[in-house]
Amino acid sequence: MLGKKSLWQVGTDHAGIATQMVVERKLAAEGQPDRHALGREEFTRKIWEWKEHSGGTITRQMRRLGNSVDWETERFTMDDGFYKAVQEVFIRLYQDGLIYRGKRLVNWDPKLHTAISDLEVENKDVKGKMWHLKYPLADGLTYTDEDGVEHSHITVATTRPETMLGDTGVAVNPEDPRYKHLIGKEVILPFVERRIPIVGDEHADMEKGTGCVKITPAHDFNDYEVGKRCKLPMINILTFNADIREEAQTFTTDGSVNNDLSGFIPEKYRGMERFAARKAIVADFEEAGLLVDIVENDMVVPYGDRGGVVIEPMLTDQWYVDAKTLAKPAIEAVENGDIQFVPKNYENMYFSWMRDIQDWCISRQLWWGHRIPAWYDEEGNVYVGHDEAEIRAANHLADDVELIQDEDVLDTWFSSALWTFGTLGWPNLDDPEVARRMADFHPTDVLVTGFDIIFFWVARMIMMTMHFCKDDDGTPQVPFKTVYVTGLIRDEVGQKMSKSKGNVLDPLDMIDGISLDDLLQKRTGNMMQPQLAEKIGKRTQKEFPDGITPHGTDALRFTLAAMASTGRDINWDMKRLEGYRNFCNKLWNASRYVMLSVAGEEAVEKAAAEGTQIAITDEMKAACGVSPSGQGEPVVLSLADRWIISRLQHAETEVRRHLDQYRFDMAAQALYEFIWNEYCDWYLELSKPVLWDKNASEEEKRGTLGTLVRVLEATLRLAHPIIPFITESIWQQVKDLAGKTGDTIMLAEYPAPRDELIDAQAEADIAWLQGVITAVRNIRAEKNIGPSKELDIILKDGDDEDFRRADENQTFLMKLAKLGKITWFNEGDTLPMATTQLVGQMEVLVPLADLINKDEEIARLNKEVEKLDKEITRISKKLGNEGFVAKAPAAVIEKEKDKLAGYERDQGKIKEQIEAIKAL
RNA sequence: AGGACUAUAGCUCAGUUGGUUAGAGCGCUACCUUGACAUGGUAGAGGUCCCCAGUUCGAAUCUGGGUAGUCCUACCA
């Protein structure tokens with residue numbers, strides 16, 4: 001519509017963990033063999049199958065919503081082309097020294113058997129216990145505390161007693177007077193009988209627990225750091241299931257295998273499940289008289305957000321990306337404004353995460369994902385390359401050297417991070433098509449996303465893109481210039497929508513409607529927690545007793561736009577949706593009126609009955625001022641015509657401005673107001689006196705009919721981005737009448753305001769007209785006079801403008817206010833018993849001798865006087881304030897003075913009126 | 001613990017750089033099947049702008065402090 005070359009790149013990622021999990025669960029539910037029985041190849045084939053038939057939910061919704069995306073270039077992060085990009089990126093980063101492999105502590109999900117990222121860990125508040133355990137000092141050492149009590153033990157506090165099997169030290173604060181003399185001494189780890197040192201480390205907090213912390217570097221992130229600082233070895237006591245191992249694995253501080261240290265685990269704990277082991281160990285401490293205390297403890301426990309079980313820090317070999325190096329330019333790009341967040345406050349969120357970024361663990365122990373392009377020989381040497389042959393050649397490896405590819409896959413976000421350039425065909429830049437697309441569409445302009453994705457996607461896309469995509473002069477390219485952050489759609493009470501809560505609303509159901517039964521089935525069928533079904537069912541039944549009625553796509557889109565104020569979550573309100581459905585209906589009916597006016601009832605009804613388009617004839621075009629030759633027919637524009645054209649220019653200005661500023665809510669609001677409150681409420685009504693006037697000239701009728709059509713046509717184009725379907729449908733009918741050509745409104749020009757069409761005089765005149773009409777309607781309502789009864793009115797105290805306007809707009813006034821006669825009050829006339837309204841300085845009088853109670857009328861007017869009194873007092877006070885007069889801008893003072901004068905004049909008029917009535 | 005966001009009509013939300021008689025939709029009241037539309041029309045009622053203090057001639061808007069709610073980050077002794 002703006003004539004710009006554009007691409008909306010759509011696609012989906014492969015959601016590694018979630019997808020693998022869903023399919024595993026499905027296999028289990030169907031009684032099929034699990035993935036280990038199937039084997040890697042067969043299992044991934046199953047996932048592909050599943051993806052084929054149920055992977056399109058989101059894109060189906062997008063299609064129905066009419067999103068104007070380029071479907072031909074739809075991509076999936078597991079498609080072949082994408083793998084090329086992923087592989088290339090991995091290899092280059094490895095060569096650049098930005099990817100490395102190492103033994104580190106990771107968040108391990110014991111259920112899903114994979115490392116997961118910090119961001120996939122959900123920390124839950126839990127009421128737990130802390131156990132105080134005594135570790136005996138080695139070599140019979142004792143010490144005396146400040147109270148003179150002698151101790152042969154040191155007491156540590158822990159919330160995870162089972163990890164003591166892997167303790168390699170006890171830390172005390174080097175400043176702690178109670179314990180610092182023990183630094184360098186040793187304790188005997190109960191049951192394991194291992195001698196472990198007491199070390200001094202800042203990590204030990206004198207205030208917390210007992211002041212002594214057991215250190216288990218292989219099973220705790222803090223301890224891991226302490227272990228590194230104090231050169232403690234690491235002992236892994238858990239299997240990947242998080243059960244106690246038969247024999248522990250021992251490592252030195254740097255992660256290499258430590259053969260000097262025993263991996264002994266007391267027989268009774270071997271193979272125990274971690275929480276069972278916890279119980280057993282606590283019991284044994286108690287029995288041994290080493291359990292000092294159990295303290296209730298509020299704490300936070302990490303759960304895997306997918307698997308739902310407690311995460312275990314685990315020492316494993318993983319691949320890492322040096323995120324700190326990549327983050328540097330990515331931070332700068334946002335700092336210097338190359339990338340802007342809308343709304344801006346999300347930049348802080350981005351900075352706070354990026355400035356404290358940890359190296360990114362990219363390997364996952366899954367089967368669904370991009371296999372890591374790394375191979376190992378028998379000695380454990382690592383080779384990274386595109387394939388085995390390339391690696392052999394590059395490293396001069398003989399054919400009989402066995403190479404085994406890394407079993408792990410890459411984090412889904414690793415591939416998602418390549419989205420902006422990977423989807424354009426990178427790295428095949430030698431392909432002219434790819435080069436052209438990169439030149440046309442990279443950097444891209446806008447990324448639309450939810451705030452919860454800023455860390456996952458946005459940050460990583462920025463890092464990767466800036467590393468790999470450069471201008472000819474080597475300047476890094478940003479992936480996009482603007483990040484538009486949408487709010488989340490929540491349910492009507494502000495809860496996040498989720499399947500387990502059963503409060504999810506499918507946009508398709510709001511578009512097409514759904515019966516209560518189907519909705520219940522959808523929400524409660526096939527649930528992970530069937531015990532919730534009843535509750536969800538009840539709630540659904542209460543909220544949607546009749547299901548959901550159809551509202552249509554445009555209504556849904558308009559609602560989403562109208563609710564999209566900056567960065568704010570939206571509590572979904574069906575009533576708003578209904579309101580905007582009515583709006584669409586209003587637009588439809590308005591266009592019906594236009595077509596009836598042009599084509600006549602017969603043609604319109606016939607087309608409606610047959611479901612066809614109205615046949616537009618040359619006569620119809622001519623009636624709208626479009627002659628077959630393409631030359632405009634002569635027209636005369638009425639005041640109303642000039643007014644609505646002028647108002648349209650304002651609407652166009654507003655809508656465009658709001659769209660440019662991503663204020664879709666305000667753009668929607670501006671459209672709503674223009675279409676309903678101006679075009680429908682006033683202009684259509686004002687067109688009737690002209691069109692239905694037998695005495696009106698051809699030129700006048702053409703002027704009005706043409707304006708009806710042209711303003712509608714432009715409005716459709718203006719509204720098209722928000723409500724594409726209805727606008728297209730109507731546009732196909734009116735385009736010819738408006739002298740427009742083209743197959744689709746999608747390719748029609750977006751309306752731009754033209755200054756020369758703004759008509760201040762017409763706007764002022766119509767405002768006056770509206771004032772008079774509203775005044776009369778007001779009197780009607782107040783006096784309970786039906787709208788069909790004709791009224792005679794008297795105008796009093798008008799100036800030249802009032803005379804002119806009343807004279808020029810008699811027809812409009814008579815018709816819209818349903819008047820019989822308009823007369824001017826002349827000096828010396830006797831004032832009849834009447835009720836009044838003010839329009840500026842002019843009085844509108846409706847003589848209603850029989851309907852007016854003198855006292856009531858006076859009371860009503862007195863109320864007006866009081867109301868004005870308040871305002872007058874307020875403004876007088878303001879103007880009497882020396883500070884205000886001295887310091888406020890002249891324009892503001894002038895405005896206040898005008899207001900005051902206006903109120904005083906009105907009040908004077910009303911007081912006069914009261915006197916006049918009293919005198920009757 | 002640190003941070004962000006939110007608090008405006010019965011409900012869902014606007015209110016751009018301080019100057020409005022504080023707005024919209026829905027709901028509510030009264031009247032109306034007038035030749036686009038009852039998914040409608042006309043006219044209304046309805047608000048200590050969460051509280052307190054400050055800055056200012058002037059605060060829904062700016063500052064500080066509270067209260068309530070939502071969320072994020074960190075924290076398993």
Side-chain angles (χ1 to χ4, degrees), chain A residues 118 123 126 128 130-132 156-160 163 171 203-205 208-215 220-223 297 299-302 310-311 313 343 345-346 348-349 352-353 356 451-452 454-455 488 490 492 494 496 551 555 559 562-563 565 567-576 578-597 601 604 661 663 665-666 669 672-673 680-681 684-685 688 692 774 777-782 784-788 818 867-868 870-871 874 878 881-889 891-893 895-896 899 903:
Chain A
D118 295 353
N123 293 304
V126 179
M130 187 161 69
W131 290 270
H132 291 192
V156 299
T158 180
T159 56
R160 291 188 304 158
T163 62
H203 168 65
D205 184 336
K208 249 170 140 179
T210 60
C212 305
V213 199
K214 60 193 264 324
I215 301 299
D220 182 283
F221 288 99
N222 288 316
D223 292 5
N297 189 32
M299 53 188 208
V300 180
V301 178
V310 177
I311 291 306
N345 49 298
Y346 284 108
N348 292 329
M349 194 168 162
S352 68
W353 193 67
D356 188 36
F451 76 93
D452 47 342
I454 289 175
F455 303 141
L488 241 53
R490 297 168 174 277
E492 72 289 348
K496 210 166 164 174
H551 293 86
T559 311
M563 307 279 283
S565 43
R568 194 181 157 139
D569 285 358
I570 296 165
N571 292 0
W572 190 251
D573 180 6
M574 275 297 172
K575 291 289 185 187
R576 291 286 294 255
E578 251 170 63
Y580 293 123
R581 179 200 55 187
N582 296 352
F583 168 72
C584 293
N585 188 49
K586 187 78 177 174
L587 177 59
W588 180 259
N589 280 313
S591 76
R592 203 176 108 86
Y593 165 77
V594 173
M595 292 314 293
L596 282 169
S597 303
E601 196 172 342
V604 171
Q661 295 172 350
R663 287 306 302 265
D665 57 330
M666 294 175 93
Q669 179 78 4
Y672 188 99
E673 272 167 16
C680 292
D681 282 352
L684 293 194
E685 295 309 319
K688 290 173 186 174
W692 298 349
T774 308
R777 286 173 178 169
N778 207 308
I779 292 169
R780 277 182 197 278
E782 212 142 296
N784 228 331
I785 304 163
S788 52
K818 195 83 178 156
K867 211 164 141 190
L868 287 168
K870 269 193 204 157
E871 288 305 312
R874 194 175 61 82
K878 207 175 199 178
N881 183 332
E882 274 174 43
F884 177 72
V885 181
K887 292 185 180 171
V892 173
I893 297 172
K895 210 171 143 191
E896 292 298 317
K899 270 197 278 184
Y903 292 143

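All values below were derived from every heavy atom in this structure, side-chain atoms included, with hydrogens, water molecules and symmetry-related copies excluded. In what follows, chains are A, B, ... by sequence order, proteins preceding strands, each numbered from 1.
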Think A:K688 has a side-chain N or O under 4.0 angstrom from the OP1 or OP2 of B:A36? yes
Using a heavy-atom cut-off of 4.0 Å across all strands, would you classify A:L587 as base, sugar-phosphate, or nothing? nothing
Does any non-hydrogen side-chain atom of A:R160 lie less than 4.5 Å from one of A:D220? yes
Closest nucleotide among B:G25, B:G19, B:C76 to the A:Y672 side chain: B:G25
B:A22 to B:U67 separation - P atoms, rounded to the nearest Å: 31 Å
Nearest-Å distance, CZ (A:F451) to P (B:G3)? 19 Å
B:G44 and B:C5, which share atom name C1', separated by this distance in whole Å: 37 Å
Determine the Euclidean distance between corresponding C1' atoms of B:G15 and B:G35; express it in Å to zero decimal places. 40 Å
Planes under 30° and centres closer than 5.5 Å, is that true for A:W692 with the base of B:G35? yes
Using the P atom as the reference point in each nucleotide, state the distance between B:U70 and B:U8 in Å, no decimals. 15 Å
What's A:H203 touching, base or sugar-phosphate or nothing? Going by heavy atoms closer than 4.0 Å. base
Does A:R663 make a side-chain N or O approach to OP1 or OP2 of B:U16 shorter than 4.0 Å? no
Could you give the distance separating B:U21 and B:G10 at their P atoms, to the nearest angstrom? 22 Å
Do A:K214 and A:T163 make a side-chain contact, defined as non-hydrogen atoms from C-beta onward lying under 4.5 Å apart? yes
Quick one: label A:T158 by what it contacts on the DNA or RNA (base, sugar-phosphate, nothing), any heavy atom closer than 4.0 Å. sugar-phosphate
Kindly indicate whether the side chain of A:Y903, heavy atoms from C-beta on, has any atom under 4.5 Å from the side chain of A:K899. yes
Give A:D223 one of three labels, base, sugar-phosphate or nothing, depending on what nucleic acid heavy atoms sit under 4.0 Å from its own. nothing
Could you check A:Q669 against A:N778 and say which one's nearest nucleotide on RNA chain B is further toward the 5' end? A:Q669
Looking at every strand, decide which applies to A:T774 at a 4.0 Å heavy-atom threshold: base, sugar-phosphate, or nothing. sugar-phosphate
Nearest-0.5 Å distance that lies between atom CG in A:L596 and atom OG in A:S591: 9.0 Å
Should A:N571 be listed as having a side-chain N or O under 4.0 Å from OP1 or OP2 of B:C13? yes
If only side-chain N and O atoms of A:N348 are considered, is one of them under 4.0 Å from the OP1 or OP2 phosphate oxygen of B:G3? no
My understanding is that only residues two or more places apart in sequence, or in another chain, count here; which of them pass side chain to side chain contact (heavy atoms under 4.5 Å, CB included) with A:M666? A:H658, A:R663
Using a heavy-atom cut-off of 4.0 Å across all strands, would you classify A:V156 as base, sugar-phosphate, or nothing? nothing
CD (A:E601) with more than 12 external heavy atoms under 6.0 Å: no
If you compare every side-chain N and O of A:N582 against the phosphate oxygens of B:G40 (OP1, OP2), does one of them come in below 4.0 Å? yes
Between B:U29 and B:C13, how far is it from one P atom to the other, in whole Å? 24 Å
Please classify the nucleic acid contact of A:L684 as base, sugar-phosphate, or nothing, using heavy-atom distances under 4.0 Å. base
Residue closer to the 5' end of RNA chain B, A:I311 versus A:G883 (nearest nucleotide): A:G883
Is the closest side-chain heavy-atom distance between A:N571 and A:M563 below 4.5 Å? no
Spacing between A:D681 atom CG and B:C37 atom C1', to the nearest angstrom: 11 Å
A:C584 near the nucleic acid: base, sugar-phosphate alone, or nothing, with a heavy-atom cut-off under 4.0 Å? nothing
According to a strict under-4.0 Å criterion, is A:R777 in side-chain N/O contact with OP1 or OP2 of B:U34? no
Does B:G25 have a Watson-Crick or wobble partner in any strand here, with both distances under 3.5 angstrom, and which is it? B:C11
Does B:U17 have a Watson-Crick or wobble partner in any strand here, with both distances under 3.5 angstrom, and which is it? none
I'd like the C1' distance from B:G3 over to B:G47, given in whole Å. 33 Å
Check every strand shown and say whether A:M563 touches a base, only sugar-phosphate, or nothing at a heavy-atom separation below 4.0 Å. sugar-phosphate
Check whether any side-chain N or O of A:K899 sits under 4.0 Å from OP1 or OP2 of B:G19, and answer yes or no. no
Please state how far atom NE2 in A:H551 lies from atom P in B:G25, giving the value in whole angstrom units. 18 Å
Using a cut-off of 4.0 Å on non-hydrogen atoms, how would the nucleic acid contact of A:A886 be classed: base, sugar-phosphate, or nothing? nothing
Per atom distances to the A:D220 side chain, the nearest of B:C76, B:C5, B:G19 is B:C76
In Å and rounded to the nearest 0.5 Å, what is the CZ to CG distance from A:F221 to A:D118? 7.0 Å
Are A:Y903 and B:U21 close enough that a side-chain N or O sits under 4.0 Å from OP1 or OP2? yes
I'd like to know if A:K586 reaches the base of B:C37 with its side chain such that a donor and an acceptor end up less than 3.5 angstrom apart. yes
At under 4.0 Å between heavy atoms, what does A:A204 touch on the DNA or RNA strands: base, sugar-phosphate, or nothing? base
In the structure shown, which nucleotide is the Watson-Crick or G-U wobble counterpart of B:U6, with both distances under 3.5 Å? B:A68
Applying a 4.0 Å non-hydrogen cut-off, can you work out what A:V892 is touching in the nucleic acid: base, sugar-phosphate, or nothing? base
Counting heavy atoms from C-beta on, name the nucleotide in B:A36, B:C76, B:U70 closest to the side chain of A:Y593. B:A36
Return the value, rounded to whole Å, for the distance between atom CE of A:M349 and atom C1' of B:C5. 11 Å
So which nucleotide does B:A74 pair with, by the Watson-Crick or G-U wobble rule with both distances under 3.5 Å? none
From CG of A:D569 across to P of B:U70 the rounded distance in Å is 13 Å
Can you tell me how far C1' in B:U63 sits from the matching atom in B:C71, rounded to whole Å? 25 Å
Does B:U20 have its OP1 or OP2 closer than 4.0 Å to a side-chain nitrogen or oxygen of A:K878? yes
From CG of A:D118 over to C1' of B:A74, roughly how many Å is that when rounded to an integer? 11 Å
B:U42 -> Watson-Crick or G-U wobble partner, both distances under 3.5 Å, gives B:A30
Tell me what A:N123 touches on the nucleic acid: a base, only sugar-phosphate, or nothing, going by heavy atoms under 4.0 Å. base
Would you say A:N585 and A:R581 make side-chain contact, with heavy atoms under 4.5 Å? no
Please report, rounded to the nearest Å, how far the C1' atom of B:A14 is from the CD1 atom of A:I570. 13 Å
In whole angstrom, what separates A:R576's CZ from B:C11's P? 14 Å
Choose from B:C71, B:C37, B:G44 the nucleotide whose nearest atom is closest to any side-chain atom of A:E685. B:C37
Relative to the ring of A:F583, is the ring of A:Y672 parallel (under 30°), tilted (30 to 60°) or perpendicular (over 60°)? parallel
